[in-house]
Protein chains: 2
Amino acid sequence: MKTTERKTRATGRATLSDVARAAQVSPITASRVLRGVDTVDPELAERVRNAAAALGYVPNPAARALASARSDTVAVLVPSLSNRVFIDVLEAIYRILQPAGYEVLIGNSHYDRDEEERLLRNYLVHRPSGLIVTGFDRTEAARRLIEASGTPCVHLMELAHAPSVYCVGLSQSDAGAAVARHLLDRGRRRVAFVAAQLDPRTLQRGEGFRRVLIDEGCYDPALELLTPAPSSMALGGELLVSLLERHPDVDGIFFCNDDLAQGALLEALRRGIAVPQRVAVVGFNDLEGAAHMVPRLTTIRTPREEMGQRAAALLLAAMRGEPVKMPAVDVGFELVARESR
Amino acid sequence: MKTTERKTRATGRATLSDVARAAQVSPITASRVLRGVDTVDPELAERVRNAAAALGYVPNPAARALASARSDTVAVLVPSLSNRVFIDVLEAIYRILQPAGYEVLIGNSHYDRDEEERLLRNYLVHRPSGLIVTGFDRTEAARRLIEASGTPCVHLMELAHAPSVYCVGLSQSDAGAAVARHLLDRGRRRVAFVAAQLDPRTLQRGEGFRRVLIDEGCYDPALELLTPAPSSMALGGELLVSLLERHPDVDGIFFCNDDLAQGALLEALRRGIAVPQRVAVVGFNDLEGAAHMVPRLTTIRTPREEMGQRAAALLLAAMRGEPVKMPAVDVGFELVARESR
DNA sequence: AGTGATTAGGATAGCGCTACCTCGATGTTG
DNA sequence: CAACATCGAGGTAGCGCTATCCTAATCACT
């Protein structure tokens, strides 16, 4: 069986046409059945499904994306994967989107606006069905890319200033304010704010914290210790020590996240700095370790799972073109008062 | 300007043909230039590149994947994202693969073989250029899928039993053995192994640990406390307490990971159980907290960044069809002796 | 100069799927 | 009962790119 015809480029796997042929229908009908759209005669549909199963047919996503100019993909951009908060949010997002038939692409911008823009560019060429991004602080170009793509987009972690923007988050500044009130309620007057990384949400927390202190007449700018260095337990310990050295009368510290706070707690333990007797310590996020520290860490718990879940649900509705009554979801926060005051 | 012709389906963005037309070459030539292949006349190449830049041309990955039956994608499957170890490995992989022009797809199997198989199926339809998977414990079907796909595949974390299998890892059982010897060297005789999750690597660590104890004649099966529950600090504390209740003479404990060990350390602190005086504690992974615990945790440090980096480099070579001299890379481990003994 | 080997670039033909339009068969109405 | 809407199914024609083949030109070598 000598043949001089052009070598085939086919991949050898069953295609939609194979299924259609086996089911004795046209490829379009098979396509419709397998996408679950339109009203196809139940008997034909059954034949198609059987044929697909018999042939072990698996759709080719590239062909689908090319023909339809969209892909069943949702890109999620977070600023960090080393922060457990985002892992939990991602997990929840995945748990909703995956069963709905979407593929989740994870992008890590490393708290870098340019990197986020680059990721966005990279992902948008895939024509994702949806987009989930973190916060509102991004380059103008990134903003335009999202806008121009027309892709439904949900914003995480913060609440929008503008209406008609999908967002699922909480007021970071209200949470910061709650911490300030909590410390004041417990009789602390010389309270400090210690922060690293200095991403927008961290700054918002500090702002809310400061607002309350000003209102209560006990704000001292010297008690704000800010550094753009990435958060770490080691840094938390160092900042605690240097703050207390310079301001021995400080009686309460709000660390912008639990990593810093935990590092501070352990350093205090090691140095015999009495927490909460000499100084109260409050963190943010309620990471796993918080409840196990000695003393147990008082912190702000944010509903990470709920945030992811609701963001995904909101996006699903938007992608399906369903009317969305609540474009902005405030998931709130909870101050978990433990032993560190 | 009435036109009855069929509505166009084009996406409105510049295509390769647009670039070719602008550069006055054929589309194939443009394709070759932009892929950087073949030897195209430098002058033509220059024209093509200029035209592409002028038009803001961005290749359509779906079209490319459809035509070439492959995508510039590498799928990485890890068993967990809540374990910092895998985040660090992923990060390193990404840092190598991204500049090389590959897109990294992250899959989380949640320590579930069936879930891993499902992910594999999902990712392989995209015809990735490469695959990075964790360990060797997978379903037979998953194994066959990888094999049949012909996709270059690197195995992480463990070392292969078979030659000609790409892997970058370490001997988990040797690491376990090192912990046993370390404890024995410090005079401990009643040493326990406490483990959760019970994934293959955890069990290998226990096996190496046990091997040494048997050799030294101080193995007591009653001092192995295993539970399939997921690891957590809370669980570490509980297991410590219940172990010491049942076996008050235990003078050394190897926790299969740092989460358990840290939880145990904090619980010991809270209960006044003297570490290391009454009982030595050793962990595994050297997570961030280990060095900050009170007392500081002795643990096994594995080179996570190096593992990711070398796995990615190995895969790159394999994908480029370069000859690989060292299909198995042993990155080793290091026992970091701190205060917990 | 003739032969073959090597090259550069282009023509052709899909990759596998779905958007769009058409058509025939059915139901619906005055 | 004819004219008309409705609807299910199919035909056609790409989506944007690259694999494969092909031609013509260049280059050795005998």
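Just the heavy atoms: all of them, side chains too, but no hydrogens, waters or symmetry mates, feed the values below. So that the names make sense, note that chain A is the first sequence line, chain B the second, and so on, each numbered from 1.
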Next item on the list: State whether B:Thr29 places a side-chain N or O below 4.0 Å from either non-bridging phosphate oxygen (OP1 or OP2) of C:dG10.
Entry: yes
Measuring from the side chain of [X] (C-beta onward, heavy atoms only), which nucleotide among [options] has the closest atom?
X	options	value
B:Ala67	C:dC15, D:dG14, D:dT20	C:dC15
B:Ala63	D:dG8, D:dC17, C:dG9	D:dC17
B:Ile28	C:dG9, C:dC17, C:dT12	C:dT12
A:Leu66	D:dC15, D:dG8, C:dG10	D:dC15
B:Asn60	D:dG16, C:dT18, C:dG9	D:dG16
A:Leu44	D:dG10, C:dA8, D:dA9	D:dA9
A:Arg35	C:dA19, C:dC17, D:dA9	C:dA19
B:Arg64	D:dC17, D:dG10, C:dG9	D:dC17

Taking [atom1] from [X] and [atom2] from [N], how many angstroms apart are they, rounded to a whole number?
X	N	atom1	atom2	result
A:Arg127	C:dT18	CZ	C1'	15 Å
A:Asp41	C:dG24	CG	C1'	15 Å
B:Arg32	D:dC21	CZ	P	14 Å
B:Arg21	C:dA11	CZ	P	13 Å
B:Arg70	D:dG16	CZ	P	21 Å
B:Tyr57	D:dG16	OH	C1'	7 Å

Item checked: Geometric class of the A:His155/A:Phe136 ring pair [parallel <30°, tilted 30-60°, perpendicular >60°] -> parallel
Margin query: Within this structure, what is the CG-CG distance for the pair B:Leu145 and B:Leu119, rounded to the nearest 0.5 Å?
Written below: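 Here the interatomic distance stands at 11.5 Å.
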Note to self: For the CD atom of A:Glu91 and the NE2 atom of B:His110, what is their distance to the nearest 0.5 Å?
What the structure shows: 3.0 Å
Next item on the list: Return yes if the base of C:dG16 and the side-chain atoms of A:Arg13 contain a donor-acceptor N/O pair under 3.5 Å, otherwise no.
Entry: no
Note to self: Need to verify one output field. Residue with the more 5' nearest nucleotide on DNA chain C, B:Ser68 or B:Ser26?
What the structure shows: B:Ser26
Next item on the list: Flag the pair A:Arg113 and A:Glu117 as a salt bridge only when some basic side-chain nitrogen lies within less than 4.0 angstrom of an acidic carboxylate oxygen.
Entry: no
Check: With A:Leu77, which of A:Glu115, A:Glu116, A:Arg138 fulfils side-chain contact (heavy atoms from CB on, under 4.5 Å)?
Finding: A:Glu116
